[in-house]
Amino acid sequence: MSPTQKTTDDAKNSTDPSISSSLQHALSDVEEAVRTIGHVDLFCDYDGVLAPIAPRPQDARLDEKTLNLLRRLSDRDSLHLNIVSGRSLAEIRMRIGVPGITYAGNHGLEIDGPGIQQVQQIPSHMYDAMRTLAGTLQRSMQPYPGVIVEDKVLVVAVHYRLAEPEQIPMILKDFSTLVTDRNADHLLRVSSGKSVVEVQPNVDWDKGKAVRFLLEKRHGSDWHNQTLPVYLGDDETDEDAFRALMDYGITIRVGNPSAAKTAAHYVLQNTDEVAVFLDRLLRSFPGA
Ligand SMILES: [Mg+2]
């Protein structure tokens, strides 16, 4: 991009009231880095980042505009597109359905993309503990209307967004008691997100390690000189990735900034701002 174009774009940013100042700063940071480094590894969470959060997880959908952006981003030679989600690999792949990109499901426990397939090996005693707890959680949450227990095999999620608000403290207490009782040997661990609590095997792996694994696999140990990692997430599990990329890339937390204590470099308000960001990222490449 020529200096003239940069000035024009900057001027356009500064006069567009629909673009927040955090988005403006993230855009100028990423456009400058694309000019300098010339290659991007883009990592996007799904729920709350690409698709607005829906009352029921099965109703969270990509709009056509965002889907089209993902297709066009996946076509760029100098960009690797990765989706990193808490959903299972099969489900996240089915929901997005764009070929040629890398999908990391169950918070990175299972990864599938061009030239990269990896499933974290779960020790059998952890796996068995997980399966037993999955059945117990299904039964113990039945009395609570609106609670959805989602069995993703490697991870079990208890969604309580549709529960009666006055029952939520009891739901969380029951969940916590049940997991504590059955997890004396710490084979499992708990994480929490937006109206969801999850249990997974207590392996040393998270979204941050999954992202670093993908960067090293593609670019070698010198990846930080080869590519610019850009990560967009909206939840606690994404904070592991923000910390992993703190000194190397551009990290963005999506959602209410006052509610989020975050390690991310930037905060965007919602999925609409994400779409603007992705569109500008796409257009920052020469010839786009
Ligand atoms: Mg999310």
Side-chain angles (χ1 to χ4, degrees), residues 22-23 26 41-63 66-67 69-70 73 81-98 101-111 148-150 152 154-162 189-200 205-211 214 229-245 249-278:
S22 184
L23 175 53
D41 278 63
L42 173 63
F43 301 89
C44 294
D45 177 32
Y46 178 79
D47 292 276
V49 172
L50 297 175
I53 301 238
R56 298 186 309 160
Q58 59 264 46
D59 296 333
R61 304 229 185 283
L62 284 182
D63 63 27
T66 303
L67 187 56
L69 275 170
L70 295 181
L73 284 161
L81 176 57
N82 312 267
I83 308 296
V84 186
S85 172
R87 291 182 185 256
S88 72
L89 176 61
E91 173 155 6
I92 195 63
R93 193 199 280 116
M94 181 268 291
R95 280 185 175 270
I96 295 181
V98 176
I101 67 179
T102 299
Y103 295 98
N106 274 329
H107 307 296
L109 287 173
E110 31 181 17
I111 296 174
I148 300 167
V149 178
E150 185 188 9
K152 300 181 281 183
L154 294 181
V155 180
V156 178
V158 176
H159 301 270
Y160 55 88
R161 184 175 300 276
L162 294 176
R189 68 181 155 95
V190 170
S191 62
S192 59
K194 291 176 176 168
S195 301
V196 65
V197 278
E198 294 190 299
V199 191
Q200 63 183 83
W205 196 255
D206 54 39
K207 285 182 170 180
K209 291 198 164 67
V211 165
L214 284 167
V230 177
Y231 189 105
L232 293 97
D234 76 316
D235 222 330
E236 288 312 299
T237 56
D238 298 303
E239 292 290 334
D240 292 316
F242 298 152
R243 285 188 285 272
L245 297 176
I250 293 175
T251 56
I252 298 173
R253 178 143 175 172
V254 183
N256 182 357
S258 62
K261 191 171 180 341
T262 181
H265 298 114
Y266 298 103
V267 174
L268 299 187
Q269 300 290 327
N270 50 39
T271 55
D272 291 338
E273 285 204 341
V274 171
V276 173
F277 178 85
L278 294 180

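Along the sequence shown, residues carry numbers from 1. Counting starts at 1 for both ligands and their atoms, in listed order.
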Do any of the N/O/S atoms of Asp238, backbone or side chain, fall under 2.8 Å from the Mg ion (ligand 1)?
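Of the N, O and S atoms in Asp238, none lies under 2.8 Å from the Mg ion (ligand 1), which means no.
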The single option from Tyr266, Tyr231, Phe43 passing ring-ring contact (aromatic ring centres under 6.0 Å, His included) against Phe242
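For Phe242, the ring-ring contact (aromatic ring centres under 6.0 Å, His included) check succeeds only for Tyr231.
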If you check every N/O/S atom of [X], which is the one nearest the Mg ion (ligand 1)?
| X | value |
| --- | --- |
| Asp47 | O |
| Asp45 | OD2 |
| Asp234 | OD1 |

Measuring from Ile101:CD1 to Asn82:CG, what's the distance to the nearest 0.5 Å?
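So the CD1 of Ile101 and the CG of Asn82 are separated by 8.0 Å.
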Measure the CZ-CD1 distance between Arg93 and Ile83 for me, rounded to the nearest 0.5 Å.
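Rounded to the nearest 0.5 Å, the CZ-CD1 separation comes out at 12.5 Å.
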Among Arg87, Lys194, Lys207, whose salt bridge (charged side-chain N to carboxylate O under 4.0 Å, His left out) with Asp45 holds?
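With Asp45 as partner, Arg87, Lys194, Lys207 yield a single salt bridge (charged side-chain N to carboxylate O under 4.0 Å, His left out), made by Lys207.
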